[in-house]
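Order of the sequence lines fixes the chain letters, A, B, ..., with proteins taken first and strands second; residue numbering starts at 1 for each chain. Just so we're clear, the structure is a prediction, and the values are computed from it rather than from any experiment.
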Amino acid sequence: MRVSRLMLVTLRDDPAEAEIPSHKLLLRAGYIRRVGSGIYAYLPLLWRVLQKISAIVREELNATGALETLLPQLQPAELWQRSGRWAGYTAGEGIMFHLEDRQGRELGLGPTHEEVITALAGDLLRSYRQLPVNLYQIQTKFRDEIRPRFGLMRGREFIMKDAYSFHADEACLRQTYAAMDQAYRRIFSRCGLRAVAVEADSGAIGGSASQEFMVTADAGEDLILASADGLYAANQERAVSLPGEAQPLTGGVRGDGLGEPLATPGQSSIDDLCAAHGFEPSHTVKVLALLARFEDGSQHPLLVSLRGDQQLNEVKLANAVTARLAPEHGTLLEIVPLAADAVSREGLDPLPFGFMGPHLSDALLAGARSWQPRFLRLADATATELEAFVCGANSVDAHLVGAAWGALCPLPDSLDLRAAQPGDRCVHDPAQVLQASRGIEVGHIFQLGRKYSEALEATFTNEAGQEEPLWMGCYGIGVSRLAQAAVEQHHDGNGICWPTAIAPYEVIVVIANVADEPQRELGEQLYAELEAAGVEVLLDDRSERAGVKFKDADLLGIPWRVVVGRGAAQGQVELVQRSVGERLELPASGLQSQLLPQLQRERAGLATA
RNA sequence: CGGGGCGUGGCGCAGUUUGGUAGCGCGGGUGCUUUGGGAGCACUAGGUCGCAGGUUCGAAUCCUGUCGCCCCGACCA
């Protein structure tokens, strides 16, 4: 392709709308244009990148026996009502774009395809003899993100590969899940990306095992905690670790476990309390009051106890609350801290914020206008393991010293609710310490189990002749996000440095001065020869100055640049590797033998690059 | 939704405080000179100052409303 015909529009200045390097570079180099908030046009250069990524995804999935398909984006509400997700996905905070047709039928624009695929599977898969099956598609998804950002990283319309597998039993599901794990590793490696697999929360989609694939980059939205030995890596939402040892409380249990009152005027924070009385944060139990709202409109006050030196992990809390209350009240919509004004709106007396203890009485909730009149009481194991502790006295400006579970109040459910932190010791090996890094989630695989097949009555006949729901897995890759993640991981001060395997073109032949006949001729010749050799090659034939063309080549990030310039008359050209800036003068006749083997290796991605 | 910011030629911005009829750089076009790291000179085209009301002799500028976009947070297979 000739650059003069490429509709290439590069920008000299950073666009005001972009914040992170990959977003700026994709805009500046003419890969994308914003059409609306979170809505982007993929310009011809980016489309080539996306097609290359897609091709790698296809090859690897096809190799596992998965079947490519294409499902509708316009989906009837009825399907989502059957799975029970319509309300949650379309109501106030829902992420599904939805509409009504002229007949008044409700439709949603697919944010994901579990419903459609499960309904189809239920229709088509009747016998265990047909199983397992793994179906995938590469397609545009629509999500009404509350806050789209960072270009393709979080858009409202984006390209995703999603796959859904169906099995006769759980063991078979695990096999396919493992096969997808391996396929994903190959896909990211072939794309030239450094990616790590981390344990993940299953989130709203449900299911048991779940793993995310993160492209490591500083601009990543997710925090990864991993051990240096490579044996453990998890999203912070999910990460577990060993807490530090608690310091024994001097004096131990006092007042038969009811604790002794201590005047603590104005000392409403753990720090203030400890500073004033010489306590350690690990001597204390801190108590958080929160409110959970559910799909059925019910609102449940929560009382969560943590050891004073620990932080709450809200994802773990949400999972614990869901497990206890969702069966009766539907989807958990949100958990918010209990604020003083919310308490007074309920017509209740103020809670002793800053001085709460785990024995806070349900009687305080009596007469609440809309809340459930009792606390759901949960505690992290670090708190329940304390034999004697300091906690709030449930009256302002007072704490209790030497309180004990059982005597003060019944021991609440003991769970893992704490947020693992960088520096924590690892569970699998206490000698290892968790280290933090940032990542961009580009893939996620789940063992869904039978949640959707049960809801949509997708059953098959097993060997014994009985009907049972299909076992399911689902597997996603954010294709357009991956393209931007690649830029985030591979760029420098001059522009993008595409991994060859997903670069829009592999080589750019730059004719330094198109007015110079020998240069032009040699450039055209090399361009034609490279094309004939199956190389994806650009010819910069524009009548720009050489400097402009070099800048653009760097910005675009084409992995190899062949400069046809001063040496052209003598048959000499220059070969430049974009990523490392290495230059090599060589005779034009030797270009292919120098370049082709190198390209061949790079097309395979990281593994052999 | 809460908090912050921004809407002025295609892009990046100044001008708004203190009202007087719009400017700079880049980019586009033409010509000449240049020609290996975003060239120089000259000429040139291009703007309902987001939109709608209002105040005023007069509004990019002041007031009210509204729309859009960006950032932080909440949210998020």
With A:N235, which of A:Q211, A:E199, A:E441, A:E212 fulfils side chain to side chain donor-acceptor pair (under 3.5 Å)?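 Only one option passes, and that is A:E212.
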For A:G476 and for A:G565, locate the closest nucleotide of RNA chain B by heavy-atom distance; then report the residue assigned to the nucleotide nearer the 5' terminus.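 This one resolves to A:G565.
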Residue whose nearest RNA chain B nucleotide is more 5′ - A:K551 or A:E145: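 This one resolves to A:K551.
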Could you tell me whether [X] contacts a base, only the sugar-phosphate backbone, or nothing, with contacts defined as non-hydrogen atoms closer than 4.0 Å?
X: A:H23; answer: nothing
X: A:R561; answer: base
X: A:E221; answer: nothing
X: A:I445; answer: nothing
X: A:R33; answer: nothing
X: A:V563; answer: base
X: A:D162; answer: nothing
X: A:Y164; answer: base
X: A:T10; answer: base
X: A:R154; answer: base

Between A:R481 (side chain only) and A:M153 (backbone N and O only), is there a donor and an acceptor less than 3.5 Å apart?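 A pair under 3.5 Å: yes.
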Is it the case that the side chain of A:K161 and the backbone of A:Q139 share a donor-acceptor pair, with hydrogens and angles ignored and the cut-off at 3.5 Å?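 No; judged by distance alone, with no hydrogens or angles, the pair does not exist.
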Does A:R561 make a cation-pi contact with A:F550 (under 6.0 Å, within 45 degrees of the axis)?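 Checked: cation-pi criterion met.
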Side-chain-base donor-acceptor pair under 3.5 Å for [X] and [N]:
X: A:D14; N: B:rG12; result: no
X: A:R147; N: B:rG2; result: no
X: A:R143; N: B:rC76; result: no

Separation of the [atom1] atoms in [N] and [M], to the nearest angstrom:
N: B:rA14; M: B:rC24; atom1: C1'; answer: 7 Å
N: B:rG54; M: B:rU44; atom1: C1'; answer: 40 Å
N: B:rU61; M: B:rU56; atom1: P; answer: 16 Å
N: B:rG3; M: B:rA74; atom1: P; answer: 16 Å
N: B:rC6; M: B:rU16; atom1: P; answer: 14 Å

Please name the nucleotide paired to [N] by Watson-Crick or G-U wobble geometry with both distances under 3.5 Å, or report none.
N: B:rG37; answer: none
N: B:rG73; answer: B:rC1
N: B:rG9; answer: none
N: B:rC43; answer: B:rG29

Which whole-number value in Å describes the distance from A:D222 CG to B:rC76 C1'?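 Atom-to-atom, A:D222 to B:rC76, this comes out as 10 Å.
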Rounded distance in Å - CD1 (A:I335) to P (B:rC76):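 About 11 Å, once rounded to whole Å.
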Please confirm whether the shortest side-chain N or O distance from A:R149 to OP1 or OP2 of B:rC76 is below 4.0 Å.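 Answer no for this pair, as no side-chain N or O of A:R149 is under 4.0 Å from OP1 or OP2.
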Of A:L8, A:L11, A:L25, which meets side-chain contact (heavy atoms from CB on, under 4.5 Å) against A:L555?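 For A:L555, the side-chain contact (heavy atoms from CB on, under 4.5 Å) test succeeds with only one of A:L8, A:L11, A:L25, which is A:L25.
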Taking only residues two or more places apart in sequence or in another chain, which ones pass side chain to side chain donor-acceptor pair (under 3.5 Å) with A:D296?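 Side chain to side chain donor-acceptor pair (under 3.5 Å) list for A:D296, sorted by chain: A:S298, A:H329.
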